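The structure appears right after this line, and notes come after that.
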There are 2 protein chains.
Amino acid sequence: MAEPFFKVTHTDPSGARCGVITTSHGQVETPIFMPVGTQASVKFVSPDELYEMHAGIILANTYHLWIRPGAELIGQAGGVHKFMNYKRPMLTDSGGFQVFSLADARKITEEGVSFRSHLDGAKLFLSPEESIRVQNLLGADIIMSLDECPPYPSTYQYMKDSVERTLRWAKRGLAVHNNPDQFLFGIVQGGEFEDLRHHSANELAAMDFPGYSIGGTSVGETKATMWKMIDYSVAKLPLHKPRYLMGVGSTDAILQGVLRGVDMFDCVLPTRIARHGTLMTSVGRINILNKQYEEDFTPVDPHCDCYTCQNFSRAYLRHLFKAKEGLGMRLASIHNLRYLIALMEEIRLAIREDRFLEFKDDFFMKYNLDAPDARGF
Amino acid sequence: MAEPFFKVTHTDPSGARCGVITTSHGQVETPIFMPVGTQASVKFVSPDELYEMHAGIILANTYHLWIRPGAELIGQAGGVHKFMNYKRPMLTDSGGFQVFSLADARKITEEGVSFRSHLDGAKLFLSPEESIRVQNLLGADIIMSLDECPPYPSTYQYMKDSVERTLRWAKRGLAVHNNPDQFLFGIVQGGEFEDLRHHSANELAAMDFPGYSIGGTSVGETKATMWKMIDYSVAKLPLHKPRYLMGVGSTDAILQGVLRGVDMFDCVLPTRIARHGTLMTSVGRINILNKQYEEDFTPVDPHCDCYTCQNFSRAYLRHLFKAKEGLGMRLASIHNLRYLIALMEEIRLAIREDRFLEFKDDFFMKYNLDAPDARGF
């Protein structure tokens, strides 16, 4: 019998769990952090470097690829894997998040969203069916239903109507999707409202998606609100399906998510801050541009096994950033991605050894992540 | 007995020659093209990628490193090799060329050149002794005497005085240099004046440098002038010492140089044009941004063995440039450098097989390089 798409391999007493995702591009272990390759490129980083840092699933963004170079072109190339030459599993989002955050002149109707491209102002229309059609052309292993990402705060009534529409959109997407190699996820919304999150999760569970995403959590006012949103969403999701917390990748959110049974995370944060010289290390975040690193010939993080730390010093990295050399952004991106991927390896080990809660508490204490101003590093 | 610094291993009937340079960072074969790492980084390219493309010697620029991060800092790091983690041979220039082309408020005296840093306007002074002191701190295997790079055209009298001063500067540099692991080259100047080039080369030869550079050739009005400048310089240089044509790396100039017995070349051209999407291929230069490559899923050059050509299509590279992704500049730089390094491998083979003139003539005919507007692609 073929491997199932997802299998929980171990659940720790805290509720955190390890699992395996199987796709036609190979298997990955969960909980997993997924690097973001917005425009079919993890900025400055090559596929070989992603393999070397033990990256598994990476993301590409449907909205960006749809408007440039176009889904048909990528379809002609044989899909986004072949286009960018990434041989491991990939995930695309629905395009909805970027329509709601980047595009202009949005208008939401029952049918879908009309908007103007942020590149050239072209009038475009994204429906649940179009999102699936585009994602079928891109050919990622895991794809997303179109959802509305409502602004925060929204009124209860607005959120209720939005959740209902998103549920109807999920059903429409499911109806037109017919590639068994691409696993379509439904997306739980409902803002900070417990009953709406429950309702959203219950209805999606009834549609029997291969996996579920938790959306709209990163817009909350406080971290405590975010943890609640995750709790409310996970409560009604089936145990044997993967859960993906969308767009969240700070270390505190990853650990809080894993504690609540989340399996997948993605975020542009590690690569974005890397390009500005901020590095995630075993002593917390450091900004390599600081004068204190000028004559520091030690690696960025002596405990890190990445290409950057194995080959270059803080002083050299600082010089590259000062001199605005692209190699600096590249080496910093490699380091931060490896930092998070290695953290997930430690998390999986802690779960398998039934000590995840201890691991999480130690981590929070070490980096003072319960402080009100903690940046979650 | 230890290997000599330079050994001519074969001379072809045309006068083109193969040789071997031996340094404490290993051996390289000549004729060689040397990638430029201005600020201790070949832009966007890692040391491992340089090894993979069979790069040998790379350059770093003394002027740039002197003003940022500073020669003392690099000395503390253990030299430029350790600072940037490049394990093969390296070469630094004297700093003179950048003082004459980048810096402000230059004033030349017998003692040296005073000028202002192009970064912060700081008043600095470069003498022949200071250039050697800085290059000793940087620790490259091959280093250069400070020379004046006179503007083109200069009067005969100006050029004559300049050549004499550069000869006195060469003597002063030689007098203070005392690291036997660093091979100091004298630089032939003299513009387009045959007698001045002869005089410059004769005097430098008498000082018995381990190698000789040919400077000031890329400022000429016509290619024919450049070939003459090379002829005049090489004519009086000892046969058993390496000759380095500074700052020249177009394919026609490389082939004309090799024909005249030149052993070493460097140029920022291949990486600079790469960053603008211009690629050197077996069908000549192509600009990857052209519409015709939009749906072209073939490699940049089907005859190329570089990482870029082995893994990515023209359509993907075009997309990366359109989307302003740094990976595009990186992949294009890797390709162009490998193109020139592979060309040198072909040149060395042709020399060893006594058919260099034929090789050169075929190349010129294929790419029409004798045309008055030939860019030497």
Side-chain angles (χ1 to χ4, degrees), chain A residues 37-49 52 61 64-65 67-70 72-78 80 82-87 119 271 275 293-297 299 307-308 310-331 333-334, chain B residues 37-49 52 61 64-65 67-70 72-78 80 82-87 119 271 275 293-297 299 307-308 310-331 333-334:
Chain A
T38 303
Q39 306 186 104
S41 165
V42 176
K43 291 190 190 306
F44 295 97
V45 180
S46 72
D48 279 4
E49 284 162 341
E52 193 188 324
N61 287 114
H64 285 99
L65 296 177
I67 63 174
R68 181 177 60 197
E72 279 70 19
L73 181 86
I74 292 180
Q76 258 182 274
V80 65
K82 286 206 172 133
F83 185 59
M84 68 181 288
N85 194 33
Y86 188 72
K87 296 180 164 63
L119 286 184
T271 40
R275 295 196 300 279
Y293 305 118
E294 190 172 25
E295 301 181 12
D296 185 342
F297 299 108
Y307 178 67
T308 305
Q310 294 299 309
N311 288 282
F312 306 96
S313 67
R314 291 173 170 182
Y316 182 61
L317 238 70
R318 181 176 187 274
H319 165 66
L320 292 178
F321 273 94
K322 281 286 196 187
K324 303 198 188 331
E325 285 283 349
L327 184 62
M329 297 201 273
R330 174 178 164 194
L331 295 177
S333 298
I334 288 172
Chain B
T38 304
Q39 306 186 102
S41 165
V42 176
K43 292 190 188 307
F44 295 96
V45 179
S46 71
D48 280 4
E49 285 163 339
E52 193 188 324
N61 287 114
H64 285 100
L65 296 177
I67 63 174
R68 182 177 58 198
E72 278 71 19
L73 181 85
I74 293 181
Q76 258 182 275
V80 65
K82 287 208 172 132
F83 185 59
M84 68 181 289
N85 194 33
Y86 188 72
K87 296 180 163 64
L119 286 184
T271 40
R275 295 196 300 277
Y293 305 118
E294 190 172 25
E295 302 181 11
D296 184 343
F297 299 109
Y307 178 68
T308 305
Q310 294 299 309
N311 288 282
F312 306 97
S313 67
R314 291 173 170 182
Y316 181 62
L317 237 69
R318 182 177 187 275
H319 165 66
L320 292 178
F321 273 94
K322 280 287 197 188
K324 302 196 188 333
E325 285 284 348
L327 184 62
M329 296 202 272
R330 174 179 164 194
L331 295 177
S333 298
I334 288 172

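As the structure is a prediction and not an experimental result, all values here were calculated from the model. First the proteins, then the strands, lettered A, B, ... as listed; each starts at 1.
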*Top residue by heavy-atom pair count (under 4.5 Å) with chain B, among A/G326, A/S41, A/A40?*
A/S41
*Pick from A/L331, A/L320, A/V45, A/D48 with the largest number of heavy-atom pairs that fall under 4.5 Å of chain B*: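 With the most close heavy-atom pairs to chain B, the winner is A/D48.
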_Results of side-chain contact (heavy atoms from CB on, under 4.5 Å) for A/K322 - residues two or more places apart only_ =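 Only A/L289, A/R318, B/R68 meet the side-chain contact (heavy atoms from CB on, under 4.5 Å) criterion with A/K322.
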*Describe, in one word, how the ring planes of B/F83 and A/Y316 are oriented to each other, choosing from parallel (under 30°), tilted (30 to 60°) and perpendicular (over 60°).*
perpendicular
*Heavy atoms only: give me the nearest A/F297-B/L73 pair and the separation to one decimal.*
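Closest approach of A/F297 to B/L73: CZ-O, 3.6 Å.
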*Does any non-hydrogen side-chain atom of B/K82 lie less than 4.5 Å from one of A/S313?*
no
_Within-4.5 Å side-chain heavy-atom neighbours: A/M84 and B/H319_ =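 They are not in side-chain contact.
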*Tell me, please, which residues at least two apart from B/Y293 pass ring pair (Phe, Tyr, Trp, His ring centres under 6.0 Å).*
none
*Spacing of A/K43 atom NZ and B/K324 atom NZ [to the nearest 0.5 Å]*: 11.5 Å
*Could you please spell out the steps behind the side chain to side chain contact (heavy atoms under 4.5 Å, CB included) verdict for B/F312 and A/N85?*
CA-CA 7 Å; B/F312 306 97; A/N85 194 33; 3.8 Å; yes
*asked:* Less than 4.5 Å to any heavy atom of chain A: does that hold for the side chain of B/I334, its backbone, both, or neither?
replied: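 Looking at B/I334, nothing touches chain A.
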_Between B/E295 and chain A, with a heavy-atom cut-off of 4.5 Å, which part of the residue counts as in contact: side chain, backbone, both or neither?_
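Both the backbone and the side chain of B/E295 come within 4.5 Å of chain A.
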Considering only heavy atoms, which portion of [X] lies under 4.5 Å from any heavy atom of chain B: side chain, backbone, both, or neither?
X: A/E325; answer: side chain
X: A/V42; answer: neither
X: A/E49; answer: side chain

